[in-house]
Protein chains: 2
Amino acid sequence: MTQQVLNASIQKTVEQFTALDEKICHYGNIMGLLGWDARTYAPKKGRPIFAKAKGTLSTEMFKLSVSQEMGDYLETLTKPEVFAQLDSATQACVRERNKDYNKSKSIPSDVYNEYVVLASNANDAWEEARSNDDFSYFEPYLEKMIEMKKQFAEYYGYENHPYDALLDEFEPGLTVEKLDPLFADLREKSIDLLNRIQQSGRKPGSEIFNQTFDVEKQKAFAEFIIPKLGYDLDAGRLDETTHPFAMGINTGDVRITTRYEPENMRMAIFGTIHETGHALYEQGVNADYEGRVIRRGASFGIHESQSRFLENFVGRTKEFWTYFYDDLKQHFPHQLSGISLDEFFRAINCVEPSLIRVEADELTYNLHIMLRYEIEKGLIAGDIQVKDLPDVWNEKMVDYLGITPPSNRLGVLQDVHWSHGGVGYFPSYSLGNLYGAQMLNKIVQEIPDFYQLIQNGEFMKIREWLRENVHQYGKLYTPAELVKKVTGEELDASYLVEYLEQKYTKIYDL
Amino acid sequence: MTQQVLNASIQKTVEQFTALDEKICHYGNIMGLLGWDARTYAPKKGRPIFAKAKGTLSTEMFKLSVSQEMGDYLETLTKPEVFAQLDSATQACVRERNKDYNKSKSIPSDVYNEYVVLASNANDAWEEARSNDDFSYFEPYLEKMIEMKKQFAEYYGYENHPYDALLDEFEPGLTVEKLDPLFADLREKSIDLLNRIQQSGRKPGSEIFNQTFDVEKQKAFAEFIIPKLGYDLDAGRLDETTHPFAMGINTGDVRITTRYEPENMRMAIFGTIHETGHALYEQGVNADYEGRVIRRGASFGIHESQSRFLENFVGRTKEFWTYFYDDLKQHFPHQLSGISLDEFFRAINCVEPSLIRVEADELTYNLHIMLRYEIEKGLIAGDIQVKDLPDVWNEKMVDYLGITPPSNRLGVLQDVHWSHGGVGYFPSYSLGNLYGAQMLNKIVQEIPDFYQLIQNGEFMKIREWLRENVHQYGKLYTPAELVKKVTGEELDASYLVEYLEQKYTKIYDL
C-alpha cells in the first residue's frame, strides 16, 4: 500500500518535472532560432533591440532551471530509491537538470552578474587587442576572467585539479588525470610523425587551391553533396555566414551554415561537411527525446567527433573523392583541368606546421589544442601568469610546432574563446578526433567494406551506423558511457595515433 | 506630504507596469520572429515541433497579460486621479493593456480553450470544403464559430449592436452605428460609378499582363523600388512567401514578403508596394515606444490605410509610372515593347466586377468588403443563418457587383478569415481606403506638389509627411483620435468617393 502511494506520488513528480523540463526546452528551441536568425538574416538595426528580448527569455529560462519547483522535484527524484525506479531517459534528464541546477545554484547571483558583464567587456577588449595586435588591451580582462574561473572552480567543486571543474562543463566527467596521459601519448607520436614528414622532404602541392573558385559553383557543389551524405533538407537548411555553425533547433530543424570565399574553396567544402556531421547527429537523436534536456549531443567532444568523423575520416579519404571528384571537376572544369584525383587527394591532406589553429591540418591541429590545454591548466593552477602569456605561447609554439608567431595577433590573440569565458572548451576539439578515431576503428570492424561504401557513395549506410550507435542516444549516456557502449573500451589515444600514422605514412611514403 | 508619498508609490507602480509591459512586448517580438520563420525558412519537419514551443511562449505571454500583478497595476493606474498624472505614452499603454486585460478576463478559460480548438478544426474544415467546393464540410464549424462569436460579444459587452464588440477588436471604438452610414454612402456612389463605367463601353486592355514575366526580373525590380519608396533595408528585408505579409518584429526589424509568379507580374509589384506601406508605418514608429505595447500600428484599419496609400494613391498614379516605367521597361523590354506609359497606366487601373476579393480593382474592392460586412452583421444579429450563406452570398454578389459566382469555392468559401474566427476583420480593408483617401486629401493640401514629388521620385518627402503625421505615433492615439489629429475631421466617406469619382471619370472619360 505504501509502495503504491509512493509510486503515484513519484509518478506525479515525474510528470511535473517532465513538464518543467519541456518548458525549458521549448525556450531553448526558441533561443536556438533567435541565435540562428541573429547570425543569418536579422537586419542590422534590429539586432541590438532583439538582443534585449533574447535576454528576457534567457533570464526566464535560467530562473526556471533553478526554480524552487525544480529544486523540489530534483530533491525527490535524485533519492537513490526513487531514482532507481525511473526509466533510463528520465534518469538521464534528472542527471542533467540536477547538474545544471547545482552548478547554477553554486554561484552567487552577484558573482554571476559580474561574470556576464566581464565576459562582454573582455570580448570587446579582445577584439581591440587583436585589431591593434596589442595584448595589453586584453591582459587585465583576461586576468580577471582567469580569477573568476578559478573562483567558479571552487564554487563548482572538484576532487583533484581545479581545472577539472571547468573541463566538466564541456566534457562531463573528464579530468586532468584522465586527459594528461591521452594527450601526452598523442603529443609525442604526433610530433614524431610530424618530424618524419618534414624530414621526408616531400611537399604535396596545395597550389591548386591558390585559384579563384566561383562562389555560386561552390554553393552548388555544397548543396549537391549534403543530401548525399544523409543530411535531411526537410529537417534543415544550408545558409551562409562568416562563421559557419550547426544549430539544432529541434530534431526536425537542424540548420547549418557555411562560408564561400572565391580564394578559399577548401574552406567551404570541408566546412560544409564538418557542419553536416554535427547536423546528422542532431537530426538522428531519438525523436521521443524531443522536448527533453537529453535531446542534444552527449558533450562538446562527442559532438565534435561526429563533425570530424564526416569531415576527415570520410571527407578526406581517397575513396570519398573517387566518388565525388568528377562532380567537383564538372563544377570547376577550368581550375581542376589536368589535376589528377591523386594530386587532389594529396593537396587536401598536406601537412605543415602553421600559426592559426582553424587553418591547421588534421595532424598539427591537435598540437594547437594541446598547447592551449597546457596553458589553461597552468593558468587555473596558478603556474602560469596572464602577463607572461605572449611569451609562454610563443615558446610552446616552438616546442610543439617548431615555429614562432611573428605577432600576438597570429599567436595568443587568435582565439575568441577565453574572452567569452570558454576555459576548458579547447580540449573538446581533440577529444572529437580521439573519440572519432576510436569509433572509426569500430565501424571498420563492423562494416568491413566501409571504404568501399564511401567509394560507392553509399553514405546512408554509414549514417545509419552512426545513428544506431551514437546519434539516437542524445544525452542519454555520459560521454564515457557512450564511448564504452559504442567501442567496448575506454577512450584510448592509440586509435587516433595509429590512424594518423597509417594515413600519413602512406601519403608521404615514409 | 501625502501627495509626495502617493507620487512615489505611483512612480513605482508605473515602473513595475512598464517592466511587465516590456516583458510581454519582448515575448511578442519573439512571437513575431517565430511567425516569420514559420512562413519563410523553417524546414517542413521542424514546424509542428516548433509550434509547440511557440504555444508555450504564447501561453506564458497570455498569462502575463492577465496576471494578478497586471491586474493590480492597472487597478491603480486606471484610477482617474492617477491616470491624469501619467505621461501620454504611459496613459496609452495603460489604456491598451487594460483593454486586453478586461477582454481576456471576460472569457472563461474553458470557453477560450474550446474556441482555440474550434478555430483550428474550423480551419481544417474550411480547407477541405474549399478544395471539395462543398460548403457542407464547413457549415457545422462555422455555425459553432458564429455561436461562439455571439457569446464573445456578450462577454466583451456592447452598447447597441453585438457586432460592435467584435468590430472593436480590430478597430477600437468603431460601431455599426458609425460604420453603416459610411458604407452606405460609399456603396451607393461606388455602384453608381461602376454602372457608368460599364455603360461607357470602354475597356482599357489589361492583356499586356497575360504574358510571362521572368521571376528573377520581377524580384530585381521589387528590390529596386522598395528602398526608393523609403523602406530601410538595414531595418528590414524582403523575402518570398505564398501569402505576402509585413511583420514588424521591432522598430529596427520590419520584414516584408512578396510573391512572384511568372503569369501574374502585377501581383508582385503591387503586393510589394502594399507590404512596403505597412512596413514604412512600423519602421517609422517613435523608437522610444520600443518595448511598449504602443509600438504597433493604431489599428488594422489605420495600418491598411498606410499600405493602400502607398499601393494605390501613390503606386497606381500616372506620376508614379512616369518615374518608374522606363525602369520597368528595362527589366521587361520584350514584354513591354510598344506599350506606352498611358496604356500601361490604364491597364493597371482597369475596373471590372470580379468574383475574388483579393484580385479586385480599387473601386469594386470595397463592394466585396461591404458584402462581407452585411453578412457578418446579419450572422451576429441572428438575421442570417449559416446554412443559408451560399445563397445569401450569391444574391448579394448580384446586388453589389452584378455577377453570380459559379461555385462556392469562387464565392462564400474564398476567404480564410471566418475559419480563424476573424469576424469583424473585413471592414478594416475598406476603412483603410477611407482613412487613406482622407489623409490623401490632407497631404495634397499641405504638399501641393504631392504628385510632382511622385513624378520626381521624391518619395522620402511623402514618407516624412506620413511619419510625422501618422507613423511616429504608433498606438498612442485611438484610430478616431488619430484621424482627427491628422485631418482635422471625423472619418468621412466623401473623400474616398470623390477620389474614385475623379480618378475613374478621367480614366474612363465619363
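Below, chains carry the letters A, B, ... as their sequence lines are ordered, and counting in each starts from 1.
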Among D232(A), N29(A), D234(A), D253(A), which residue forms the greatest number of heavy-atom pairs with chain B at distances under 4.5 Å?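 Of the candidates given, the most pairs with chain B belong to D234(A).
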
Proximity breakdown for [X] and chain A, heavy-atom pairs closer than 4.5 Å:
{"X": "D239(B)", "value": "neither"}
{"X": "D37(B)", "value": "side chain"}
{"X": "R47(B)", "value": "neither"}
{"X": "A287(B)", "value": "neither"}

Are side-chain N/O atoms of [X] and [Y] paired as donor and acceptor at under 3.5 Å?
{"X": "Q283(A)", "Y": "H471(A)", "value": "no"}
{"X": "T90(B)", "Y": "D87(B)", "value": "yes"}
{"X": "D214(A)", "Y": "Q218(A)", "value": "no"}

Just wondering, more than 12 heavy atoms not from [X] lying within 6.0 Å of its [atom1]?
{"X": "K44(B)", "atom1": "NZ", "result": "no"}
{"X": "K12(A)", "atom1": "NZ", "result": "no"}
{"X": "K99(B)", "atom1": "NZ", "result": "yes"}

Top contributor to chain A interface from [options] [non-hydrogen pairs under 4.5 Å]:
{"options": "G46(B), G236(B), A235(B)", "value": "G46(B)"}
{"options": "K54(B), H26(B), E60(B)", "value": "H26(B)"}
{"options": "R255(B), K52(B), K23(B)", "value": "R255(B)"}
{"options": "V254(B), T251(B), L34(B), I30(B)", "value": "I30(B)"}

Can you label the angle between the H274(A) ring and the H278(A) ring as parallel, tilted or perpendicular, going by 30° and 60°?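 It falls in the perpendicular class, over 60°.
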
On the 0 to 90° scale, with breaks at 30° and 60°, tag the Y112(A)-F62(A) ring pair as parallel, tilted or perpendicular.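 If you compare the ring of Y112(A) with that of F62(A), the planes turn out parallel.
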
Please list, chain by chain and in numerical order, all residues satisfying side-chain contact (heavy atoms from CB on, under 4.5 Å) with L233(B), sequence neighbours excluded.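 L233(B) satisfies side-chain contact (heavy atoms from CB on, under 4.5 Å) with I226(B), P227(B), Y231(B) only.
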
Taking only heavy atoms into account, what residues of residues 243-250 of chain B are found under 4.5 Å from chain A?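 Within residues 243-250 of chain B, the residues that come under 4.5 Å of chain A (heavy atoms only) are I249(B), N250(B).
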
Can you check whether Y41(B) and Y41(A) have ring centres sitting under 6.0 Å from each other?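 Distance test on ring centres: under 6.0 Å, yes.
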
